[in-house]
There are 2 protein chains.
Amino acid sequence: MLKLTRKLEYALIALRHMQTKGELLSTTKEISDMYTIPQELLAKTLQQMARLEYIDAVQGSHGGYRIHSSMSKISLTKFIEDLEGPMGMVDCSVASDCIQLNNCNIRQPINRINDNIRSIFSRINLSDITH
Amino acid sequence: MLKLTRKLEYALIALRHMQTKGELLSTTKEISDMYTIPQELLAKTLQQMARLEYIDAVQGSHGGYRIHSSMSKISLTKFIEDLEGPMGMVDCSVASDCIQLNNCNIRQPINRINDNIRSIFSRINLSDITH
DNA sequence: ATTAAATACGACTATTATAGTCGGGTATAA
DNA sequence: TTATACCCGACTATAATAGTCGTATTTAAT
């Protein structure tokens, strides 16, 4: 309940690590060794973040990743949804093929809570975590 | 990400249903039929809530459940944790056998967010959802 | 040129958590 | 005594997450 996925954990750990290194490049191996993260898994996450332009990738020998400068102002909501897709406490707030949509008696109150949570996450910047 | 389990959904739907019926008993079958919830699964959830004294169980033919009067002031945090166990964004905020506890560079900021979320859930009463 | 070290990426398997089922038991009103 | 309800633990199925593997590409250094 309410737990971050490993992917998000790894992503945040990596971002924070890169933040401390400024312009210097970090490699997948370096990070996976340091924090005991499965290398291939971290690699995929870093690749995804590079595609999303959270980080810059430098290819080839002596390559690596560095954090994208304008990244810190991103909200946690956007970050999570970029990496994992839409978040919502109940599916009907995301997709609408629930068999009981009309019957469901908790949709409105739950959706209100959902909005509350989203707005909290939206006020938290990535930099609050990786600072 | 951030999704309620079916068990919690079913529990909330059932509570809300019972709330509308005041002192009248509701049966598992009645609720599972009405909201298209697998009966056996709902049954287990209602039994658990009865053990936790969120609802009163009346056994035997013509039996059923009714909502426990003092229930509405319970916080969402307590409710969720009673039904599903401790909640936390990362495991280390719950158990402490993570292999990288000391190395981990995101624990503190994440735990701060965690506390924020918990306090939000704590300010929400069950009655806000089942009212 | 060749090699070594890095990113890129899709397909695959394994593990775990959630969801759902089943069988047998107990309580009680009619 | 029967029908209908709650009670409960063990089991299976499904889906989501986590992790692995193979292969290709890029680039610095030799």
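Each chain gets a letter, A, B and so on, in the order the sequences are listed, and its residues count up from 1.
- Of the listed nucleotides (C:dC22, D:dC6, C:dA19), C:dA19 has the atom at the smallest distance from the side chain of B:Arg6.
- Set against C:dA11, D:dC7, C:dA8, the side chain of B:Gln59 has D:dC7 as its closest nucleotide.
- Rounded to an integer number of Å, the gap from A:Leu4 CG to D:dA16 P is 19 Å.
- Nearest to the side chain of A:Glu40, among D:dG9, D:dG22, D:dC6, sits D:dG22.
- In this structure, A:Leu8 and A:Ile80 have side chains that are in contact, with non-hydrogen atoms separated by less than 4.5 Å.
- Within the nucleic acid shown, A:Lys7 comes within 4.0 Å of sugar-phosphate atoms alone, with no base atom in reach, counting heavy atoms only.
- For B:Ile55 and D:dC7, the CD1 to C1' distance is 12 Å, given to the nearest whole Å.
- An OP1 or OP2 oxygen of D:dA18 is reached within less than 4.0 angstrom by no side-chain nitrogen or oxygen of A:Tyr10.
- One interatomic measurement links the two molecules: CG of B:Asp91 to P of D:dT17, which rounds to 15 Å at whole-angstrom precision.
- To the nearest angstrom, P of C:dG10 lies 11 Å from CD of A:Gln48.
- Here C:dA19 presents its P atom at 12 Å from CG of B:Leu83, a figure rounded to the nearest Å.
- What separates CG of A:Asp56 from P of D:dT26 is a distance of 18 Å, to the nearest Å.
- Between A:Met49 and A:Leu15 there is a side-chain heavy-atom pair separated by less than 4.5 Å.
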For A:Arg118 and A:Glu81: C-alpha separation, side-chain torsions, deciding distance, then whether side chain to side chain contact (heavy atoms under 4.5 Å, CB included) applies. CA-CA 11 Å; A:Arg118 280 182 67 92; A:Glu81 298 203 328; 2.7 Å; yes
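- Nearest nucleotide to the B:Thr28 side chain, out of D:dC8, D:dA18, D:dC6: D:dC6.
- For B:Gln39, the CD atom counts as densely surrounded, since its 6.0 Å shell holds more than 12 non-hydrogen atoms of other residues, nucleotides or ligands.
- For A:Pro38 and B:Gln47, each mapped to the nucleotide of DNA chain D holding its nearest heavy atom, the one lying further toward the 5' end belongs to B:Gln47.
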